[in-house]
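Just so you know, ligand 1 is whichever comes first in the structure, and atom 1 is the first atom listed for that ligand. Heads up: numbering here begins at 1 and tracks the sequence.
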Amino acid sequence: MLIARSVADLRQALAPYRRPAFVPTMGNLHDGHIALVRQARPLGDVTVTSIFVNRLQFLPHEDFDSYPRTWESDCAQLQGAGCDVLFAPREADLYPEPQTFKVHPDPRLADMLEGHFRPGFFVGVSTVVMKLFACVLGATGGTAVFGKKDYQQLMVIRHMVQQFALPIEIVAGETHRAADGLALSSRNCYLGLQERQEAVALSQALQQLAQRWRHDPAPGAEQAAAWEKQALDALRSRGWQPDYLTVRRRADLTAPSPQDMPGALVALGAARLGATRLIDNLEF
Ligand code: PAF
C-alpha cells in the first residue's frame with residue numbers, strides 16, 4: 001500500500017489509473033470501514049482510502065483534539081483489506097490556508113436532525129468531501145463509498161454530487177453491527193464497560209419505533225409524535241440524553257405522510273450516553 005502525505009504525491013500515485021474507487025474516513029478504523037474498502041475494491045482500478053480528521057466538522061466543544069488517532073492499526077487493517085493507496089494529508093496540506101471557501105448544503109436537508117444538533121456539521125463535511133473528491137477523483141471521476149450508518153451524511157453527499165454534476169458515483173455500504181446489535185462506530189471506544197452493555201438500547205429503540213409503524217402503518221402526525229415521545233422517554237429513563245428518535249421518509253428525510261408506507265421509511269436516532277454521542281438508523 002502506497003501512503004501519500006501530500007496532494008502532489010497522491011496525484012502522482014494515481015496518474016496511471018482511470019477509475020479510482022474511494023473510501024473517505026477519519027481513521028480509528030473498525031470492521032465497518034474495512035467492509036467499505038472491500039466493497040470499493042471491485043468498483044475501480046485502484047482502491048484509495050483517506051484518513052483525515054477534519055477540523056471543520058467539529059464544533060468547538062466537540063472531540064476534535066481527542067478524536068482517536070490510531071495510525072499503526074489503521075494502516076495494518078487497510079493493508080489487509082487490499083487498499084492500494086492511503087491518502088493521509090497533514091492539515092497543512094489539505095488546508096494550507098484557512099478554508100474560507102465552503103460548500104453549503106441545502107438547509108432543507110442539512111439543517112435538520114444532525115445538522116440541528118451540530119450546527120455547521122454538514123458544511124464542514126461537504127467542504128472536506130468536495131476537497132477530497134477534487135484530490136482523489138478530480139482528474140478521472142470514479143466511485144466513492146459511504147456508510148449508511150451516517151445516513152443523513154450519505155444523502156447530503158449524494159445531493160452535492162448531483163447538484164454539482166460531479167462525475168462520481170456514490171455507493172452506499174450497509175451498517176456493520178456488533179453481535180448484540182450496536183452499530184460499529186469510531187466513537188464506541190469512548191464507552192466504559194457498563195455503557196458498552198447499555199449502548200445497544202439505541203438500536204433497540206429504533207427497532208421498537210419501526211415495529212410500531214409496521215403494526216400500524218400510516219399513523220397520523222399526532223400518533224407518530226406520541227410514539228417518538230415514548231421512545232425518547234424510555235431512553236431517558238435508562239440514563240440517556242437523546243437528541244432525536246424519529247421516523248422519516250428515506251427519499252428526503254421529511255416527516256412521512258400517511259401514504260408513505262414501511263419500505264420507504266427510516267428510523268433515525270442520536271443520543272448521548274455519558275460523554276459519548278451515538279447515532280444509528282434503521283431502514284424499514
Ligand atoms: O464519515 C466520516 O468519517 C467523515 O464525516 C468524512 C466523510 C470522512 C468527512 O470527514
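Between the side chains of Arg18 and Thr140, no donor N or O sits under 3.5 Å from an acceptor N or O. In the model, Arg118 has no side-chain atom that pairs as donor or acceptor with a side-chain atom of Gln57 under 3.5 Å. For Ser73 and Gln77, the side-chain atoms include at least one donor-acceptor pair closer than 3.5 Å. A donor-acceptor pair shorter than 3.5 Å can be found between the side chains of Asp63 and Tyr190.
With a 4.0 Å cut-off on non-hydrogen atoms, Leu132 does not touch ligand 1 at all.
Within ligand 1, counting atoms from 1 as listed, the ones closer than 4.0 Å to a heavy atom of Val128 are 9 (C), 10 (O). Interface of Gln153 with ligand 1, defined as ligand atoms under 4.0 Å from a residue heavy atom, comprises 1 (O), 2 (C), 4 (C), 5 (O), 7 (C). Applying the 4.0 Å criterion to heavy atoms of Gln57 picks out, from ligand 1, the atoms 4 (C), 5 (O), 9 (C), 10 (O).
Residue contacts with ligand 1: Thr25 is placed with no nitrogen or oxygen under 3.5 Å of a nitrogen or oxygen of the ligand (distance criterion only).
Criterion: ILVMFWY side-chain heavy atoms under 4.5 Å apart, direct or through other members. Under it, Leu78 and Leu2 are not part of a common hydrophobic cluster.
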